[in-house]
Number of protein chains: 2
Amino acid sequence: MRADAQVLKGHLDTLLLASLENGPRHGYAVREALRAGGARFDLPTGTIYPALRRLEAAGLVTGTWAEADGRRRRSYELTAAGQRRLAGDRAAWRDFAAAVTAILDPAP
Amino acid sequence: MRADAQVLKGHLDTLLLASLENGPRHGYAVREALRAGGARFDLPTGTIYPALRRLEAAGLVTGTWAEADGRRRRSYELTAAGQRRLAGDRAAWRDFAAAVTAILDPAP
DNA sequence: GCCAGTAAGTAGTAATGCTACGTATCCGGA
DNA sequence: TCCGGATACGTAGCATTACTACTTACTGGC
């Protein structure tokens, strides 16, 4: 999926939180996870790193520095607030998607 | 649906084009159409009117003034370009929705 | 030595929906 | 008769946020 236009607006945070749901990941790994899988969101690093920092500032994730092969990584983990947010976002997404689909493909 | 945050970003144009698909409508009617129906997008007029003008400037719709009951209305109609755009947006939405859902509700 | 891959970031920009107004007409109720 | 609500259109300014383009740094293969 091309990161075409700003269709992602408001949904990026949800995607990031979801990628952190099954345990901590560092930014690059989150990016790879979104790039692979059925989704194929090819997001530039200039999108993903600031977004993770934003989530951290909002208290939804916590980041910790780690060293591996002389390479520093910042590993992010969901906080309790992040998990609650993700649950809410998930429900909101379902509503939103259903609403848009209702307008785009109206039931006869 | 509350117009909460900017979840709508990048999708508003698509919704507007879709509401104009079954014949011309004026701004207020488009707003009512989105407010009713299964969707319930409650959009402020400060969102809808500028957006319609933007679509007009982009050549996706054409607007014409009309008079009814001493009330002036600007009726918008899809152009050929608008119809093409709507078709593309519709496909893009399906892809996008499927991609987000794949991340949020991963198949086991 | 150089390039690709891994890893993290920043500065600045552009797009765009929202808030808060302002204008005007028509109609029903107090 | 006056007022509020519905109808109808709009603008100015703001805030959010993803993207572009760039920088830094280490490792391994050609």
Side-chain angles (χ1 to χ4, degrees), chain A residues 1-17 19 24-36 41-58 60-61 63-76 89 96 99-100, chain B residues 1-17 19 24-36 41-58 60-61 63-76 85 89 92 96 99-100:
Chain A
M1 171 136 321
R2 73 280 186 215
D4 192 47
Q6 60 277 26
V7 182
L8 213 54
K9 288 258 163 118
H11 304 290
L12 174 62
D13 291 4
T14 308
L15 297 181
L16 295 181
L17 293 175
S19 341
R25 275 214 182 98
H26 59 282
Y28 197 84
V30 169
R31 182 170 182 247
E32 291 303 301
L34 293 178
R35 232 147 65 90
F41 284 103
D42 197 4
L43 307 180
T45 69
T47 290
I48 187 121
Y49 289 118
L52 284 171
R53 303 225 137 229
R54 207 168 52 220
L55 292 176
E56 191 179 13
L60 302 175
V61 302
T64 48
W65 283 109
E67 192 85 18
D69 306 316
R71 222 169 241 137
R72 62 188 196 126
R73 288 174 171 174
R74 189 157 182 81
S75 189
Y76 291 97
D89 282 1
F96 176 74
V100 174
Chain B
M1 170 137 323
R2 74 280 187 211
D4 191 48
Q6 60 276 27
V7 182
L8 212 55
K9 288 256 162 121
H11 304 290
L12 174 62
D13 292 2
T14 309
L15 296 181
L16 295 181
L17 293 175
S19 339
R25 276 216 182 97
H26 59 281
Y28 197 84
V30 168
R31 183 170 182 246
E32 290 303 300
L34 292 178
R35 232 147 64 92
F41 283 103
D42 196 6
L43 306 180
T45 68
T47 290
I48 187 122
Y49 289 118
L52 285 170
R53 303 224 137 229
R54 207 167 53 222
L55 291 176
E56 191 179 12
L60 301 175
V61 303
T64 48
W65 284 110
E67 192 85 17
D69 306 315
R71 224 169 240 138
R72 60 186 198 128
R73 289 172 169 176
R74 189 155 180 84
S75 189
Y76 291 98
R85 168 72 128 262
D89 281 2
F96 176 74
V100 173

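Within every chain, numbering begins at 1; the chains are lettered A, B, ... in the order of the sequence lines, protein sequences first and strands thereafter. Since this is a predicted model, take the numbers as computed values, not measurements. The figures here come from the full heavy-atom set of this structure, side chains too, leaving out hydrogens, waters and symmetry mates.
- More than 12 heavy-atom neighbours from other residues, nucleotides or ligands sit within 6.0 angstrom of CZ on A/Arg31.
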Got a list of protein N/O to nucleotides 14-16 of chain D N/O distances below 3.5 Å?
residue: D/dT16; atom: O3'; partner: B/Gln6; partner atom: NE2; Å: 2.5

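- When the C1' atoms of four end pairs are superposed on the next four at each end of the helix from C/dG1-D/dC30 to C/dA30-D/dT1, using five pairs per end, the two resulting axes differ in direction by 0°, to 10°.
- With sequence neighbours left out, A/Arg74 forms a salt bridge (Lys or Arg N to Asp or Glu O under 4.0 Å) with A/Glu56.
- Going from atom CD of A/Glu32 over to atom NE2 of A/His26 covers 8.5 Å, rounded to the nearest 0.5 Å.
- Applying the side-chain hydrogen bond (donor to acceptor under 3.5 Å, both in side chains) test to every pair with at least one member in residues 43-53 of chain A, sequence neighbours left out, gives no pairs at all.
- Within 4.0 Å (heavy atoms only), A/Gly70 reaches sugar-phosphate atoms of the nucleic acid but no base atom.
- For A/Arg35 (side chain) and A/Leu43 (main-chain N/O), no donor-acceptor pair under 3.5 Å exists by modelled atom type.
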B/S/- contact track for nucleotides 1-8 of chain C, protein heavy atom under 4.0 Å: ----BBSB
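- Here the shortest heavy-atom pairing between A/Leu15 and A/Leu8 reads CD1-CD1, 4.1 Å.
- Residue B/Arg54 places no side-chain N or O under 4.0 Å from the OP1 or OP2 atom of C/dA15.
- Heavy-atom distances to DNA chain D give each of A/Thr47 and B/Gly46 a nearest nucleotide, and the one nearer the 5′ end belongs to B/Gly46.
- A straight line from NE2 of B/His11 to C1' of D/dA18 spans 13 Å, rounded to a whole angstrom.
- Following rounding to the nearest Å, A/Ile48 (CD1) and D/dT17 (P) show an atom-to-atom distance of 16 Å.
- Regarding B/Leu43, its CG atom lies at a distance of 16 Å from the C1' atom of D/dG10, rounded to whole Å.
- Between A/His11 and A/Phe96, the ring planes lie tilted relative to each other; the angle falls in the 30° to 60° range.
- In this entry the distance linking CZ of B/Arg25 with P of D/dT7 reads 14 Å, nearest Å.
- B/Asp13 has its CG atom 7 Å from the P atom of C/dT16, to the nearest Å.
- In this structure, the side chain of B/Arg25 engages the main chain of B/Ser19 through a donor-acceptor pair within 3.5 Å.
- The salt bridge (Lys or Arg N to Asp or Glu O under 4.0 Å) check on A/Arg54 picks up A/Asp13, with sequence neighbours excluded.
- Between A/Leu34 and A/Leu16, the closest side-chain pair of non-hydrogen atoms falls below 4.5 Å.
- Computed from coordinates, the B/Leu52 CG to C/dG17 C1' distance equals 13 Å when rounded to whole Å.
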